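On a predicted model such as this, the values are computed, not experimentally measured, just so you know. Note that these values count all heavy atoms, side chains included, but never hydrogens, waters or copies made by symmetry. Numbers restart at 1 for each chain; the letters A, B, ... are given by sequence-line order, proteins then strands.
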Amino acid sequence: MAVKKDYKDQKLSEKLRDRKYYIPDSNPEFIKDVEKIGQTAAHMCYQCGTCTGSCPSAPRSSYRIRLFMRKSILGLEEEILTDPDLWLCTTCYSCTDRCPRDLAPTDAIMAMRNLAFKRDIIPRNFLQTVQLIYKSGHGVPNNDANRAARKRLGLDEEPETTHKYPEYLPGIRKILDHYRLKENADRILAQGE
Amino acid sequence: MAEVKKYEEPRIGVFVCHCGTNIAGSIDVKAVMEYARTLPNVIVADDYQYMCSTPGQNKIAEAINEQKLTGVVVAACSPRLHEPTFRNATKAGGLNPFRFEMANIREQNSWVHMHQPEEATSKAKDAVRIAVAKASLLEDLVPKSVPVEKAAMVVGGGVGGMQAALDLANAGIKTYLVEKSPTIGGRMSQLDKTFPTLDCSQCILTPKMVDVYRNEGIELLTYTEVEAVEGYIGNFDVTLRKKARGVITPAEAEVRGIVGGGCTGCGDCSEVCPVIKPNPFELGMAPRKAIYIYHPQVSPLIYTVDFDACVKCGLCVEACGDKKAVDLEAKDEFMTVKVGTVVLALGYDIFPIEKKFEWGYKNYDNVITSLEFERLICASGPTGGHLVRPSDGETPKRIAFVLCAGSRDSTGVGKPYCSRFCCMYSLKHAHQIIEKIPGAIPYIFYMDIRSFGKMYEEFYYRIQNEGAKFIRGRVANILEDPVTKNLHVNAEDTLLGRPIDMEVDLVVLAAAIQPSAETEKTRRLFGVSCSQDGWLLEAHPKLNPCGTTTAGVYLAGVCQGPKDIPDTVAQAEGAASAASIPIHRGEVELEPYFAQCMEDKCAGCGMCINQCPYSALSLVEKDGRTVMQVTEAKCKGCGTCGGFCPGGAIWMQHFATPQIIAQIDAFLLGGEQ
Ligand SMILES: Cc1cc2nc3c(=O)[nH]c(=O)nc-3n(C[C@H](O)[C@H](O)[C@H](O)COP(=O)(O)OP(=O)(O)OC[C@H]3O[C@@H](n4cnc5c(N)ncnc54)[C@H](O)[C@@H]3O)c2cc1C
Ligand code: SF4
Ligand code: SF4
Ligand code: SF4
Ligand code: SF4
């Protein structure tokens, strides 16, 4: 277990915090949960870095998909679920395409996000997206600029989606309600205010 | 022999082994032993820590003597491991060794049921009961001795096959060395230098090639393939196809009565030949004519006509003149040779690495394979040893090496195994460019550097000291700058935790290897198995790495699994030694599991003849009747005919119907007969 030393100064405490890896700090069940939700054998990662090398997020952020794989194997649940980088995957699936161990790092990340959400850890913009989908059926709804561009290209102003067929919106809402996604998004967003 | 026997009153001894805790850890050995005592025909039952030890074996011999046993059962490990041991012990007690039966209660029981002791114990009782039932019906059998032909064959003339052939011939055995291409030498002759000593590959290989050529005990058959195989250990009849070479040797010329004729290797023919083709030896990077040799050091030094390309203009015939070596009407010829044993040394091919799209091989000019690198850095190669970028002929300065390219890859596109020599040769390549190109920097992208051999880790140290840069990360993808044709290598430096975009002049892919193209066909001809990855299967991965499960056929070199030259040569010597043993003994014993015809029951219908996969059966006239006859040496005891015969006239020795029925009864009736 990490040794706690209490310095009066909060900043100093953080700076000199014990950073060793202790087995009791890890949760061996965590990787099993990730694999069950993500349906991928994440514990078989051999840390080659092909995923990070393929990742469009990596060069522009501190997000390292390989490190998430590593930490999940070691059961560093707290560290993973509280890391804001967890939310920087674009779900492009480049890593999954190339992983030589035939793993799906993308799906492992999605699983970890699931587990984070269970503990109400989720960035606000993701929740706002939920609200937008609930409202319009779109994470990124159509807007005037888009409408103009579509018109120029000879397309209908509204795409063949809930924008054109709002009668399908209740169906989408039913799904979101069933999983209590909207309810949770509203609740968490309200807490933050 | 082929009559249903009247058996004497069976007296069986049962011995249960603890195997330390291997068996006793999950099976109640005492309970199994006590149970055995209750079984019909069992006169004595005992248990012991290690039945395979000398005291364990003595128990068997003593019990046979004291109790006048007629059969012995040992419940222990797999028969593959210790059946021979216990047969010998049975023999030592004065019984026929085939009166022994083994019950496997380790591999098939204690090891797989480690956490179910009760069930395991009850399963072990079943196994013992079944074995006792069979042992009660066992009969005396005598192995058949067959003479061994005093000749051997080696298929594949790479460094492995050459070494095996040399050893066999030097041990006084006539050896046929069969090589499919026009010259021996294999992959090693394509290499420039060899790790870790950096001696020149051709310089150390050529003398061996000459030895092979000159050795009177070796009949060198290049441009030749195995067409058909019949027979068994000691007596293989191998049919060879000598492909139409279109050029005759001086010896062949003499046979044809052309005095002083035959190919002298002068090359006059090739000079005049108008047809130009890529030379596969140079991986297509240099041309050759339709009449060609691969390279100046070929052995034998005899030209070959590529009849697929030849336009039959006849210019070469003219140029060759009085030597009359060129024969444009040549046809494939067939010959059959008899050999006692065979060594397969079929080598490997490079995995088609263009299948991994992300690295752009065959798409980007300046992405090459390591084997192409060997030819480009080699003084006798297509560029005279000047490493150049294929796109513009410039000398590259920044060179990236991609390790594990297609190896250690479980995606299905690529190979799951480690190709085992690519780490080491990539270190060698790094050294070669540092040595040859001033200011050049090798960047080695690796996951692990596997430098496990003698002086290999020291070689790694040396190359790092010379200035090679190591980046721990597998290359994610490579992109080409369409203007400069430079390459951007994308990876993560996993030690820094930082993505890399490295612009280099040349990329060398250390591509995975795979079994050579004809391996599958050839192994089937010899009845040799392969593992899931296609490499030929050794008889035992630790204790019999040169043998196969087909008696008389042995393995050498990479065809058994990736290995470098030292390991290839070592295995070749092992295979040659193993292959010479039956030949030097002069005869081999075949397990007497032959089919026997019970002539009074045989209707002579002959329907079994075509069923036999080994052509061991025939119809003969005997006492005015047509009956089936078994050629025992050909019969492998597979039981196909025995199971098929509509009249039940075939007796499968050691696996006879009454014995098998007794086993089934013993299992189903729970011993309550
Ligand atoms: C780029 C590269 C660099 C290397 N560098 C080194 C090094 O520096 N040091 C080192 O120790 N190792 C090195 N190796 C490994 C080395 O090439 C092998 O260990 C060695 O060639 C194995 O010899 P072999 O006889 O088993 O197979 P091969 O050399 O492949 O020979 C097999 C022979 O069998 C023939 N053949 C195949 N099938 C048939 C058939 N059905 N009938 C008849 N003939 C057949 C082939 O034509 C060939 O001549 C390197 C490998 C590569 C790819
Ligand atoms: S590519 Fe696959 S094996 Fe390699 S580090 Fe990423 S998840 Fe692990
Ligand atoms: S799916 Fe996510 S982690 Fe994988 S490469 Fe794309 S952005 Fe990166
Ligand atoms: S006959 Fe064939 S091999 Fe001879 S020179 Fe003409 S094309 Fe070449
Ligand atoms: S030898 Fe090295 S480069 Fe080749 S597959 Fe094995 S680890 Fe990878």
ask   = What's the spacing between B:F357 CZ and A:R98 CZ if we round to 0.5 Å?
value = 12.0 Å
note = Closest non-hydrogen contact found for B:T411 with A:D102 is CA-CG, 3.9 Å
message = Please check if the number of heavy atoms outside A:L153 that lie under 6.0 Å from its CG is greater than 12.
response = yes
query = Is the number of heavy atoms from other residues, nucleotides or ligands under 6.0 Å of A:R150 CZ greater than 12?
reply = yes
key: Flag if over 12 foreign heavy atoms under 6.0 Å of NZ, A:K164   = yes
query = Do A:Y46 side-chain atoms and B:R408 backbone N/O form a donor-acceptor pair below 3.5 Å?
reply = yes
note = Ranking B:P416, B:S410, B:G412 by heavy-atom pairs under 4.5 Å to chain A gives rank one to B:S410
message = Can you confirm whether B:Q532 is buried at CD, in the sense that more than 12 heavy atoms of other residues, nucleotides or ligands lie under 6.0 Å from that atom?
response = no
query = Between B:E492 and A:R64, which heavy-atom pair has the shortest distance, and what is it?
reply = OE2-CD, 3.9 Å
ask   = So does B:F452 have more than 12 non-hydrogen atoms from other groups sitting under 6.0 Å from CZ?
value = yes
key: Spacing of CG belonging to B:D409 relative to OG1 belonging to A:T50, to within rounding of 0.5 Å   = 9.0 Å
ask   = Is the CD atom of B:E458 crowded by more than 12 outside heavy atoms at less than 6.0 Å?
value = yes
task = Sort out for me which of A:D97, A:L103, A:T52, A:L67 touches chain B most, counting heavy-atom pairs under 4.5 Å.
result = A:T52
message = Using side-chain contact (heavy atoms from CB on, under 4.5 Å), reason through A:Q47 and B:T494 one step at a time and then give a plain yes or no.
response = CA-CA 8 Å; A:Q47 293 292 299; B:T494 57; 5.9 Å; no
query = How far apart are the closest heavy atoms of B:G497 and A:R66, and which atoms are they?
reply = CA-NH2, 3.7 Å
ask   = Looking only at heavy atoms, which two atoms of A:C48 and B:R472 are closest? And how far apart?
value = CA-NH1, 4.3 Å
note = In this structure, OG of A:S54 is separated from CG of B:N477 (nearest 0.5 Å) by 6.0 Å
query = Has A:Y168 got more than 12 heavy atoms of other residues, nucleotides or ligands less than 6.0 Å from its OH?
reply = no
Under 4.5 Å from any heavy atom of chain B - which part of A:C55 = neither
